[in-house]
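Everything on this sheet refers to the single structure shown next.
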Amino acid sequence: MAFAFPEGLAPEAYPLAWLVGSWRGEGVIAYPGIPETPFVQDVVFDHDGGPYLRYESTLRVLEAEVPETVPEAWTTDDAAEPPAHPSSDQTEPSTEGHLAPGRIWSTETGYWRVSPERPEGLPEDKSAIEVMIADPSGRMTLYLGVVGNGRVDLSSDAMMRTATSAEVTASNRLYGNVQGQLLWVWELAAFGQPLQSYASAKLDRL
């Protein structure tokens with residue numbers, strides 16, 4: 001199926017056109033001091049005809065789903081000694097394999113645009129981009145990077161935060177279109193830790 005540019009998309013944003021749409025998938029957060037945490041993410045890239053894309057992201061941690069009725073296996077004699085819940089010291093019926101989106105872990109909004117200035121030496125099949133992302137924890141990050149051949153590489157150029165926001169000193173993001181899925185990896189230098197992987201996910205287009 002041939003790719004068609006989204007209706008009304010400004011030509012200046014054509015290098016980002018493959019991102020436009022709604023995406024959803026699962027990923028995992030893993031960072032020093034933070035237990036490995038699976039999540040569901042919803043991402044929307046859209047436009048209003050201007051030379052940029054609007055970006056929204058919501059991460060919800062996956063939590064054990066409580067069944068509406070007690071499974072039969074929990075009431076049989078064989079279930080007299082149920083397995084321990086992985087997150088509790090008490091003995092409870094296992095809910096492993098039954099996960100549902102729970103509380104919101106983080107949200108972000110921002111703008112992505114192709115730079116009107118082309119850096120010297122940038123390959124012809126790539127375009128320079130500028131990305132501004134803000135979150136309600138009191139932080140805003142300006143990323144500079146490149147897009148081309150279904151891949152986006154971003155590195156933080158400036159980071160601003162409120163006095164009560166967690167200290168994050170550097171951030172890198174990588175996005176890739178792999179067989180129609182949107183894969184991404186996010187690196188952070190935060191809480192006194194060096195730059196390293198913080199989260200990653202694989203998203204499907206809705």
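Nothing fancy with the numbering, it's 1 onward along the sequence.
Residue Ile104 shares its hydrophobic cluster (ILVMFWY side chains chained together at separations under 4.5 Å) with no other residue.
Distance alone, capped at 3.5 Å, is enough to place a donor-acceptor pair between the Ser115 side chain and the Glu117 backbone. A donor-acceptor pair is defined here as one N or O able to donate and one able to accept, closer than 3.5 Å; no such pair exists between the side chain of His47 and the backbone of Ala13.
In this structure, Pro35 and Gly33 approach most closely via the heavy-atom pair CD-O, 4.0 Å. For the residue pair Gly138 and Ser165, the shortest heavy atom distance occurs at O-CB, 3.5 Å. Counting all heavy atoms, side chain and backbone alike, Ala170 lies closest to Leu195 at O-CD1, 3.9 Å. Smallest separation of non-hydrogen atoms from Ser22 and Val44: OG-CG2, 3.8 Å. The shortest non-hydrogen separation linking Ala10 to Gly50 is CB-O, 3.4 Å. Nearest heavy-atom pair across Val114 and Ser127 is CG1-CB, 4.1 Å.
Using a 4.5 Å heavy-atom threshold, the side chains of Glu167 and Phe191 count as separate. The shortest side-chain heavy-atom distance between Ile129 and Arg113 does not fall under the 4.5 Å cut-off. In this structure, the side chains of Met159 and Val168 come closer than 4.5 Å at one or more pairs of heavy atoms. Side-chain contact between Leu203 and Val43: present, with at least one pair of heavy atoms (C-beta onward) separated by less than 4.5 Å.
Taking Ser106 as the reference, Leu59 meet the side-chain contact (heavy atoms from CB on, under 4.5 Å) condition, with sequence neighbours excluded. For Asp157, there are no side chain to side chain donor-acceptor pair (under 3.5 Å) partners at least two apart in sequence or on another chain. Not counting sequence neighbours, Asn177 has no partner by the side chain to side chain donor-acceptor pair (under 3.5 Å) test. For the side chain to side chain donor-acceptor pair (under 3.5 Å) test, residues two or more places apart in sequence or in another chain that qualify with Gln181 are Asp204. Residues forming a side-chain contact (heavy atoms from CB on, under 4.5 Å) with Pro136 (at least two apart in sequence, or on another chain): Thr107. Residues satisfying the side-chain contact (heavy atoms from CB on, under 4.5 Å) test with Ala17, not counting sequence neighbours, are Phe3, Phe5, Pro6, Leu9. Residues satisfying the side-chain contact (heavy atoms from CB on, under 4.5 Å) test with Met160, not counting sequence neighbours, are Met140.
Sorted by first and then second residue, the salt bridge (charged side-chain N to carboxylate O under 4.0 Å, His left out) pairs involving residues 175-196 (not counting sequence neighbours) form an empty list. Counting only residues at least two apart or on different chains, the ring pair (Phe, Tyr, Trp, His ring centres under 6.0 Å) pairs with a member in residues 112-133 are Phe45-Trp112, Tyr55-Trp112, Trp112-Tyr175. Residue pairs satisfying the salt bridge (charged side-chain N to carboxylate O under 4.0 Å, His left out) criterion with at least one member in residues 22-40, sequence neighbours excluded, are listed as follows: Arg24-Asp42.
From Asp135, atom CG reaches atom CZ of Arg161 across 12.0 Å, with rounding to the nearest 0.5 Å. Rounded to the nearest 0.5 Å, atoms OG1 (Thr169) and CG (Leu188) are 9.0 Å apart. Annotation: the span from Leu19 atom CG to Arg205 atom CZ amounts to 8.0 Å, rounded to 0.5 Å. Interatomic distance, Glu108 CD to Arg139 CZ, rounded to the nearest 0.5 Å: 8.5 Å. Here Arg54 contributes atom CZ and Asp46 contributes atom CG; the two are 4.0 Å apart, rounded to the nearest 0.5 Å. With values rounded to the nearest 0.5 angstrom, Ser57 atom OG is found 8.5 Å from Ile133 atom CD1.
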Please tabulate, for the side chains in residues 142-155, all donor-acceptor contacts under 3.5 angstrom to protein atoms that are two or more places apart in sequence or on a different chain.
residue: Tyr143; atom: OH; partner: Ser171; partner atom: OG; Å: 2.6
residue: Tyr143; atom: OH; partner: Arg173; partner atom: NE; Å: 2.9
residue: Tyr143; atom: OH; partner: Arg173; partner atom: NH2; Å: 3.4
residue: Asn149; atom: ND2; partner: Asp125; partner atom: OD2; Å: 2.9
residue: Arg151; atom: NE; partner: Asp153; partner atom: OD1; Å: 3.3
residue: Arg151; atom: NE; partner: Asp153; partner atom: OD2; Å: 2.8
residue: Arg151; atom: NH2; partner: Asp153; partner atom: OD1; Å: 3.0
residue: Ser155; atom: OG; partner: Asn172; partner atom: OD1; Å: 3.1

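Both Trp23 and Trp105 are assigned to one and the same hydrophobic cluster, defined by single-linkage of ILVMFWY side chains at heavy-atom distances under 4.5 Å. Both Trp184 and Ile34 are part of a single hydrophobic cluster, where members link through side-chain heavy atoms under 4.5 Å apart. Trp18 and Tyr52 sit in two unconnected hydrophobic clusters of ILVMFWY residues. Membership requires side-chain heavy atoms under 4.5 Å apart, directly or through other members.
Enclosure of atom OH in Tyr111 is not indicated, since only 12 or fewer non-hydrogen atoms of other residues, nucleotides or ligands lie within 6.0 angstrom.
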task: Start with the C-alpha gap between Trp186 and Tyr198, add the side-chain angles, then the distance that decides, and say whether ring-ring contact (aromatic ring centres under 6.0 Å, His included) holds.
output: CA-CA 6 Å; Trp186 183 5; Tyr198 166 71; 5.1 Å; yes

message: Determine whether Phe39 and Ile29 satisfy the following criterion, side chain to side chain contact (heavy atoms under 4.5 Å, CB included), listing intermediate values before the conclusion.
response: CA-CA 8 Å; Phe39 62 82; Ile29 296 167; 3.7 Å; yes

